[in-house]
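Following: one structure in structure tokens, then a few remarks.
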Amino acid sequence: MSAWPRFKFYGTPRIFLQAAGEILGGTIHKGDDVARLEAEIARLTGRRHAIATPQARVGLFLILEALLARTERRKVVLSPYTIYDVVNMVVCARGVPVFADVDPRTGNLDPDQVAALIDDGVAAVLSTHLHGIMADLGRLAAVCEAAGIPLLEDAAQAFGGRWQGRAAGGVGHAAMFSLGRAKNINCFYGGVVVTDDDALAASIRAHMADWPDLATSFLVKRIIHCAIIALAVSRAIFPWLTRHVFRSLAIRGERKGAALFSTERNPLLRSHLPPDWQRRLTPMQARMALDQLRRADADQVHRLRLARLYRDGLADLPQVGLPRPLPGADDIFMPFPIQVADRLALQEYLLNAGLDVVVQHIGNCADYPVFAPFHRDCPQARQVAKSVLLLPTYPEYPEVEARRIVRAIRDFYKAPPES
Ligand SMILES: Cc1ncc(COP(=O)(O)O)c(C=O)c1O
């Protein structure tokens, strides 16, 4: 039966074998591989410093905390179309989030909106490369330079992207990548901060100096949890069981299908970095990340091939908004987001045709009640957040399935087949 899931973890099944070997062999915390990973990420991003963190969001907290300690300014301008903990990291670092609306073509910060919000209370601008689509770093850098403030890059979803030949994360004053389970470099949990600012790097390292490694028990639980999900989306189980579960969840409840794996269901406001986040990446995770870095280019070639196929196959449909590449941007499309007015109806149609796709679960943080003190009207972010449907691009996803998705979307909109 041909049925492919909406996502798969990068690095499987090898990463699970590796994990089992390390857990049984008691080597999780042994080796100098964290330093090796840091050196490799610094090399790949062209930065003087790379510092492994337990999660990308913690890396963002550490960057902001150090930068805000240098200034009386408190405001951090950022996109509201992101995960809510990005906003929380600004708050935890004693900054004030200021939401700037997005450019609907990319789903990322609109530089004109950012420019309009700059005043002498703004300490930094945080740009997000959501879905692995590069924000307009050229214009954002110009706005920040004119204001004399740092541009930061949330490159959690963009490892491997480029802006005018420079690596994502290699353009702003500092950046963070995620090595979390849903990312293209997956060690179940983790992140890396990069910067050329020696004092910033030293301050982040000093802050983390007393933090213990992520606990073995925590990692084992996380790995088992991911193994269960990996099994559910495996070729052995997905076509017979999981796809029916996904389909009925999506069809029965407004966002149930998307919410199943979502961490964005119940946004909360944090005022302090949770103590159990104050941990360090383990050598085992660094080995996993190093191993996957070797495959990153090949995976990217595949993603770009699928993105091209979706783009070419849907370009003439007025009902489908495609991400519009900015000049100088090399996007990595993790996954390929399309914007449609009726995404639940389209999702249902595709699910009924045996094509498993998911609606984006990330919302417009500017409208979340928990962030009411920071509310700003961001109509583009609101519109984008309720329109995005994600088309798969992961390494195993077959081109023939991507073509089926294109055909089914064309059928849905009663467009003639592609010529
Ligand atoms: C845009 C964005 N920023 C930050 C993060 C945080 O990454 P992490 O889970 O490693 O903290 C994520 C995670 O999904 C993300 O998608």
Side-chain angles (χ1 to χ4, degrees), residues 7 9-10 37 41 50-64 76 78-93 97 99 102 106-109 125-135 152-161 168-169 172 174-194 204 208 214 218-219 222 225-226 258-259 261-265 267-268 270 273-274 276-282 285-286 288-289 292 323 331-335 337 358 360-365 381 384-385 388 390:
F7 82 95
F9 296 126
Y10 278 69
L37 175 66
I41 301 274
I51 304 159
T53 57
Q55 301 182 83
R57 67 197 76 184
V58 177
L60 175 61
F61 166 82
L62 293 166
I63 295 170
L64 289 170
V76 176
L78 78 169
S79 164
Y81 183 40
T82 187
I83 67 164
Y84 69 84
D85 264 337
V86 163
V87 184
N88 276 326
M89 293 306 96
V90 177
V91 180
C92 291
F99 295 118
V102 302
T106 60
N108 293 318
L109 275 182
V125 172
L126 172 65
S127 68
T128 301
H129 309 309
L130 202 70
H131 305 124
I133 294 173
M134 300 297 293
L152 308 174
E153 289 176 75
D154 175 350
Q157 297 195 6
F159 184 82
M176 85 287 185
F177 298 103
S178 174
L179 308 177
R181 65 183 183 179
K183 305 303 186 301
N184 53 342
I185 307 294
N186 154 31
C187 60
F188 298 113
Y189 203 71
V192 183
V193 164
V194 292
I204 291 175
M208 295 179 71
L214 284 161
F218 171 85
L219 287 170
R222 180 98 180 162
H225 180 80
C226 290
F261 296 115
S262 172
T263 47
E264 299 296 293
R265 267 167 301 184
L268 52 95
R270 300 183 198 277
L273 194 70
D276 58 345
W277 289 12
Q278 299 175 26
R279 296 283 187 277
R280 296 161 76 98
L281 195 81
T282 61
Q285 293 170 283
M288 290 170 166
Q292 287 178 42
D331 304 323
I332 66 161
F333 299 113
M334 317 240 336
V358 65
Q360 173 57 285
H361 61 268
I362 290 176
N364 170 24
C365 291
V384 171
V388 169
L390 303 175

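Indexing begins at 1, ligand by ligand and atom by atom, following the structure's order. Here the structure is a predicted model, which is why all the values come from computation and not from measurement.
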Problem - Check: Thr128 side chain, Ala155 main-chain N or O, donor-acceptor pair, under 3.5 Å - result: no
Problem - Qualifying residues under salt bridge (Lys or Arg N to Asp or Glu O under 4.0 Å), relative to Arg270, sequence neighbours excluded - result: Asp85
Exercise for the section: Compare all side-chain heavy atoms of Gln292 with those of Leu179 and state whether any distance is below 4.5 angstrom. Expected result: no
Practice task
Kindly write out the residues that satisfy side chain to side chain contact (heavy atoms under 4.5 Å, CB included) with Ala50, not counting sequence neighbours, or none if the list is empty.
Solution key: Glu38, Ile41, Ala42, Val192, Val194
Problem - side chain to side chain contact (heavy atoms under 4.5 Å, CB included) involving Ser178 - partner list, sequence neighbours excluded - result: Ala56, Ala156, Lys183
Distance dump, ligand 1 polar atoms to protein, N/O, under 3.5 Å:
residue, atom, partner, partner atom, Å
ligand 1, 3 (N), Asp154, OD1, 3.2
ligand 1, 3 (N), Asp154, OD2, 2.6
ligand 1, 9 (O), Arg57, NH2, 2.7
ligand 1, 10 (O), Ala56, N, 2.9
ligand 1, 10 (O), Ser178, OG, 2.7
ligand 1, 11 (O), Ala56, N, 3.2
ligand 1, 11 (O), Arg57, N, 2.9
ligand 1, 11 (O), Arg57, NE, 2.7
ligand 1, 14 (O), Lys183, NZ, 2.8
ligand 1, 16 (O), Gln157, NE2, 2.7

Exercise for the section: Decide yes or no for Pro97 and Leu78: does some side-chain heavy atom of the first lie under 4.5 Å from some side-chain heavy atom of the second? Expected result: yes
